[in-house]
Visitor: 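Structure incoming, see below.
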Amino acid sequence: MGEGEAGADSELSEYREKIAQLKAPDEVKEKLDKELKRLSKQSFGSSEATVLRNYLDICLELPWSKKTKERVNVDAVRKALDHDHFGLEKVKERILEFVAVKQLSPDLKGQIICLVGPPGVGKTSIAMSVARAMNRKLARISLGGVSDEAEIRGHRKTYVGSMPGRIIAAINQAGSSNPLMLLDEIDKMGHDHRGDPSAALLEVLDGEQNSTFRDHFLELPFDLSDVMFITTANTTETIPRPLLDRMELIELSSYTDEEKLQIAKKYLLPKEMKRHGIEKAHLKISDNGIRQLITAYTRESGVRVLERKIAAVCRKAAMKLVADPESTIRLTEKDWKEYLGAPRYYPERQALEERVGVVNGLAWTSVGGELLEVEVNVVPGSGKVELTGNLGDVMKESAHAALSFIRSQTSRLGIEEDFYKNKDLHVHFPEGAVPKDGPSAGIAITTAMVSALTGTPVRRGIAMTGEVTLRGRVLPIGGLREKTMAAMRNGIQTVIIPADNEKDLDEIDQTVRKALKFVVVERAEQVLAEALLPLGHEGVEQGQMSEMPPVTHTDQPNHISQ
């Protein structure tokens with residue numbers, strides 16, 4: 001007997017032994033025995049034998065019935081979440097509900113949670129905390145940029161260099177058949193001529209189907225029903241509807257400045273000081289100093305930029321401590337210019353000016369809320385309307401609807417009836433490089449146009465969001481929580497919102513509710529009465545806008561007026 005044949009025999013008996021000891025369904029064992037018989041008929045060095053060996057190795061490595069003992073304890077999970085994250089009460093409550101139900105019904109299957117929110121608010125780290133608290137192994141897959149279906153389902157084993165898909169590979173890596181599988185950036189998948197990976201995920205994320213998930217490489221059903229799936233996304237807009245339908249959405253919104261202060265004090269500052277080798281006694285930062293750092297040097301929904309700024313402060317402090325190791329550095333808001341340079345943002349500037357033809361709108365983006373200025377200029381001409389600022393079709397239509405409404409109300413608004421024949425209007429949204437679209441700029445455009453046409457300044461410290469119809473009705477909008485957060489961040493005091501969004505005020509953070517005054521409107525006339533300065537103010541002629549219905553409100557914070 002040759003040396004190669006002896007080696008092959010020992011290899012076959014080793015495989016036989018491993019298959020006999022494997023704790024797996026009978027169907028799996030039968031398939032592996034069949035493949036082993038095929039291997040025994042191949043010559044030792046043939047390419048077919050290499051493919052079969054690779055297949056057997058991967059199948060025997062998989063944790064078919066290996067599980068970690070799950071810790072299903074509401075208090076333990078609560079403690080882990082509170083230890084790692086400040087705030088996020090609704091998210092924590094929903095995860096604890098899931099654990100409580102699991103405690104009462106251990107066989108519960110098919111609950112898939114999708115955490116949606118701006119970057120840097122803690123979506124990935126929440127999933128990691130849950131895995132640790134529940135004693136499940138963590139298997140993390142980043143789906144950003146994946147455009148090949150085989151990434152999910154694997155390649156057929158007959159191809160050269162074939163391997164299982166990412167789902168089976170993650171299970172193998174975790175070494176457990178009941179890990180917590182984190183599917184990151186599920187909204188950033190693509191699709192091309194090689195298939196649609198989001199369609200392949202439909203089977204994975206369906207509790208009714210994933211107990212028999214078939215990877216192309218394995219050609220065997222693998223039970224994913226014990227896997228706990230958590231997905232993350234910045235926006236639901238780009239997630240295909242059938243996939244979105246299989247998941248339960250939990251929204252993580254922007255942090256308020258007070259929440260950022262607590263996060264910086266309890267988590268970011270101790271973490272960065274430890275990373276930079278600075279003792280607690282050597283660096284002290286006052287609360288007002290952190291507040292100034294948040295408002296003047298960062299403008300974000302999450303805390304990533306804040307973390308980078310704190311790291312920059314720690315580096316400067318490290319330089320000073322190297323020169324004088326015994327010193328204690330105490331930093332307040334007055335020290336930031338030396339450590340971080342001139343402030344990048346001046347939130348109060350927006351709110352202090354009364355300007356003609358310039359209105360603060362509010363926009364929702366996938367990275368949180370933004371203040372969006374609308375500028376309108378009126379010049380002698382032939383009635384042309386120019387729209388600039390990289391606008392989408394919906395916003396362009398909003399501008400034309402606003403103009404049509406104003407033309408129907410010229411006598412009431414004190415505007416010349418034939419202004420559309422002898423005046424040109426230019427509507428501009430600054431930051432022309434940033435694409436803008438969405439159905440919530442209508443009342444801002446209307447107010448800016450009326451202000452420019454009548455020469456009436458817009459009140460200071462006011463922002464608005466809502467769509468306008470040809471008849472002047474104000475339609476509801478989405479993303480109110482992020483938009484109001486952006487208003488507060490930019491020093492706005494009054495926010496005008498559609499009447500249909502009044503119910504959404506309960507979802508808004510209490511800090512924001514107390515800081516802002518909300519004016520609820522149903523008609524564009526009410527918006528104009530609230531936003532434009534009254535008669536007798538410098539620049540407003542008598543007789544203009546005399547018939548607009550008043551909007552009653554008080555100066556009490558948290559007042560909602562209609």
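Position 1 is the first residue of the sequence; numbering continues from there. Keep in mind that the numbers below use all heavy atoms, side chains included, and drop hydrogens, waters and symmetry copies.
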Visitor: Which distance, rounded to the nearest 0.5 Å, do you find between the CD1 of I508 and the OG1 of T484?
Guide: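 Atom-to-atom, I508:CD1 and T484:OG1 are 4.0 Å apart.
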
Visitor: Output a table of donor-acceptor pairs, distance under 3.5 Å, between side-chain atoms of residues 302-316 and any protein atom two or more places apart or on a different chain; print 'none' if there are none.
Guide:
unit_1	atom_1	unit_2	atom_2	d
E307	OE2	K271	NZ	2.7

Visitor: Could you give the distance from CE (M485) to CG (L362), rounded to the nearest 0.5 Å?
Guide: 12.5 Å

Visitor: About how many Å separate CD of E17 and CG of L22, when rounded to the nearest 0.5 Å?
Guide: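 Reported value, rounded in 0.5 Å steps: 12.5 Å.
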
Visitor: Would you mind reporting whether N73 and V99 have side-chain heavy atoms less than 4.5 Å apart?
Guide: no

Visitor: Any luck finding a side-chain donor-acceptor pair between D57 and Y15 under 3.5 Å?
Guide: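 Y15 and D57 do have a side-chain donor-acceptor pair below 3.5 Å.
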
Visitor: Closer than 3.5 angstrom, by distance alone: can the side chain of E467 be matched with the main-chain N or O of G442 as a donor-acceptor pair?
Guide: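 Here the side-chain-to-backbone pair exists.
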
Visitor: Going by heavy atoms in the side chains, are M189 and I239 under 4.5 Å from each other?
Guide: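 Counting from C-beta outward, M189 and I239 never come under 4.5 Å.
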
Visitor: Any side-chain heavy atom of I95 within less than 4.5 Å of one from I126?
Guide: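 Yes, close enough: below the 4.5 Å cut-off.
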
Visitor: Report the C-alpha distance between V28 and L218 in whole Å, list the side-chain angles of each, state the deciding distance to 0.1 Å, and finish with yes or no for side chain to side chain contact (heavy atoms under 4.5 Å, CB included).
Guide: CA-CA 10 Å; V28 173; L218 294 186; over 6 Å; no

Visitor: Identify the two heavy atoms, one from H428 and one from G389, that lie closest to each other, and give their separation to 0.1 Å.
Guide: ND1-N, 3.9 Å

Visitor: Got a second to check how far Q209's CD is from L202's CG, nearest 0.5 Å?
Guide: 8.0 Å

Visitor: Are the side chains of D500 and L475 in touch, meaning some heavy atoms are under 4.5 Å apart?
Guide: no

Visitor: Are the charged groups of E30 and K34 less than 4.0 angstrom apart, N to O?
Guide: no

Visitor: Of all the heavy-atom pairs spanning M228 and V130, show the shortest one and how long it is.
Guide: CE-CG1, 4.0 Å

Visitor: Do K483 and S440 have side chains that get closer than 4.5 Å, going by heavy atoms?
Guide: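 Contact flag for K483/S440 side chains = yes.
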
Visitor: Could you check V121, T236, T235, T231 and say which one makes a side-chain contact (heavy atoms from CB on, under 4.5 Å) with V116?
Guide: T236

Visitor: If you count the non-hydrogen atoms of other residues, nucleotides and ligands that lie under 6.0 Å from CD in E279, is the total more than 12?
Guide: no

Visitor: Answer yes or no: is there a donor N or O on one side and an acceptor on the other, between the side chain of N501 and the main chain of I477, under 3.5 Å?
Guide: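 Such a contact is found between N501 side chain and I477 backbone.
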
Visitor: Taking side-chain contact (heavy atoms from CB on, under 4.5 Å) as the criterion, tell me which of L183, I113, L115, I186 meets it with M247.
Guide: I186

Visitor: Mark yes or no for whether Y339, through its side chain, and A317, through its backbone, hold a donor-acceptor pair below 3.5 Å.
Guide: no

Visitor: With distance as the sole criterion, is a donor-acceptor pair present between the side chains of T298 and K260 under 3.5 Å?
Guide: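 No, because no side-chain N or O of T298 sits under 3.5 Å from a partner of the opposite role on K260.
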
Visitor: Which atom pair, heavy atoms only, marks the closest approach of M273 to K280?
Guide: CE-CA, 3.6 Å

Visitor: Does a side-chain heavy-atom distance below 4.5 Å link H85 with V91?
Guide: no

Visitor: If you look at every heavy atom in E27 and L220, which pair is closest and at what distance?
Guide: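 Looking at all heavy atoms of both residues, the shortest contact is O-CD2, 4.1 Å.
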
Visitor: Going by an N to O cut-off under 4.0 Å, is there a salt bridge joining E14 and R53?
Guide: no

Visitor: How far apart are the closest heavy atoms of M488 and V512, and which atoms are they?
Guide: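 Looks like SD-CA, 3.8 Å.
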
Visitor: So, are E203 and R153 salt-bridged, with charged N and O less than 4.0 Å apart?
Guide: yes

Visitor: The criterion is salt bridge (Lys or Arg N to Asp or Glu O under 4.0 Å); which residues satisfy it with R241, sequence neighbours excluded?
Guide: none

Visitor: Is a side-chain donor or acceptor of S105 paired with a backbone partner of V101 at a separation under 3.5 angstrom?
Guide: no

Visitor: If I compare all heavy atoms of W64 with all of P25, which pair ends up nearest, and what's the gap?
Guide: CE3-CD, 4.5 Å

Visitor: Does any donor atom in the side chain of N54 or K157 lie under 3.5 Å from an acceptor atom in the other side chain?
Guide: no

Visitor: Mark yes when over 12 heavy atoms from residues, nucleotides or ligands other than M128 sit less than 6.0 Å from its CE; otherwise mark no.
Guide: yes

Visitor: S398 side chain to A441 main-chain N or O, any donor-acceptor pair under 3.5 Å?
Guide: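 No; zero donor-acceptor contacts below 3.5 Å.
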
Visitor: Could you walk me through whether F213 and I168 pass the side chain to side chain contact (heavy atoms under 4.5 Å, CB included) test, one step at a time?
Guide: CA-CA 10 Å; F213 172 69; I168 295 296; 4.0 Å; yes

Visitor: Does the side chain of D82 reach to within under 4.5 Å of the side chain of K92, using non-hydrogen atoms?
Guide: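 Yes - at least one pair of side-chain heavy atoms lies under 4.5 Å apart.
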
Visitor: If you round to the nearest 0.5 Å, how far is NZ of K37 from CZ of R16?
Guide: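 With rounding to 0.5 Å, CZ (R16) is 9.5 Å from NZ (K37).
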
Visitor: Checking F222 against I167 for the side chain to side chain contact (heavy atoms under 4.5 Å, CB included) test, could you report, in this order, the C-alpha distance in whole Å, the side-chain angles of both residues, the deciding distance, and whether it holds?
Guide: CA-CA 10 Å; F222 193 95; I167 302 293; over 6 Å; no

Visitor: Side chains of D184 and T232: donor-acceptor distance under 3.5 Å anywhere?
Guide: yes

Visitor: Just do the side chain to side chain contact (heavy atoms under 4.5 Å, CB included) check on D75 and R78 with the steps written out, would you?
Guide: CA-CA 5 Å; D75 292 333; R78 182 186 283 118; 3.1 Å; yes

Visitor: So does L261 get a backbone contact from the side chain of R291, meaning a donor-acceptor N/O pair under 3.5 Å?
Guide: no

Visitor: Could you check whether any side-chain N or O of K123 sits under 3.5 Å from a backbone N or O of L252, counting only pairs where one atom can act as donor and the other as acceptor?
Guide: no

Visitor: Check whether any side-chain heavy atom of L39 sits under 4.5 Å from a side-chain heavy atom of L36, and report yes or no.
Guide: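 Answer yes - side chains close enough.
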
Visitor: Strictly below 4.0 Å, N to O, side chains only: are E93 and K90 in salt-bridge contact?
Guide: no

Visitor: Donor-acceptor pairs are to be reported for all side-chain atoms of residues 170-182 against protein atoms at under 3.5 Å, with residues two or more places apart or in another chain.
Guide:
unit_1	atom_1	unit_2	atom_2	d
N172	ND2	E61	OE1	3.4
S176	OG	N178	N	3.1
S176	OG	N178	OD1	2.7
S177	OG	K66	O	3.1
N178	OD1	T68	N	3.1
N178	OD1	T68	OG1	3.3
N178	ND2	T68	O	3.1

Visitor: Could you tell me the separation between the CG atom of D226 and the CG atom of N210, rounded to the nearest 0.5 Å?
Guide: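 It comes to 9.5 Å.
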
Visitor: Mark yes or no for whether R166, through its side chain, and S142, through its backbone, hold a donor-acceptor pair below 3.5 Å.
Guide: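 Yes, because the side chain of R166 sits within donor-acceptor range (under 3.5 Å) of the backbone of S142.
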
Visitor: Does the distance from a Lys or Arg side-chain N to an Asp or Glu carboxylate O, for K29 and D26, drop under 4.0 Å?
Guide: no

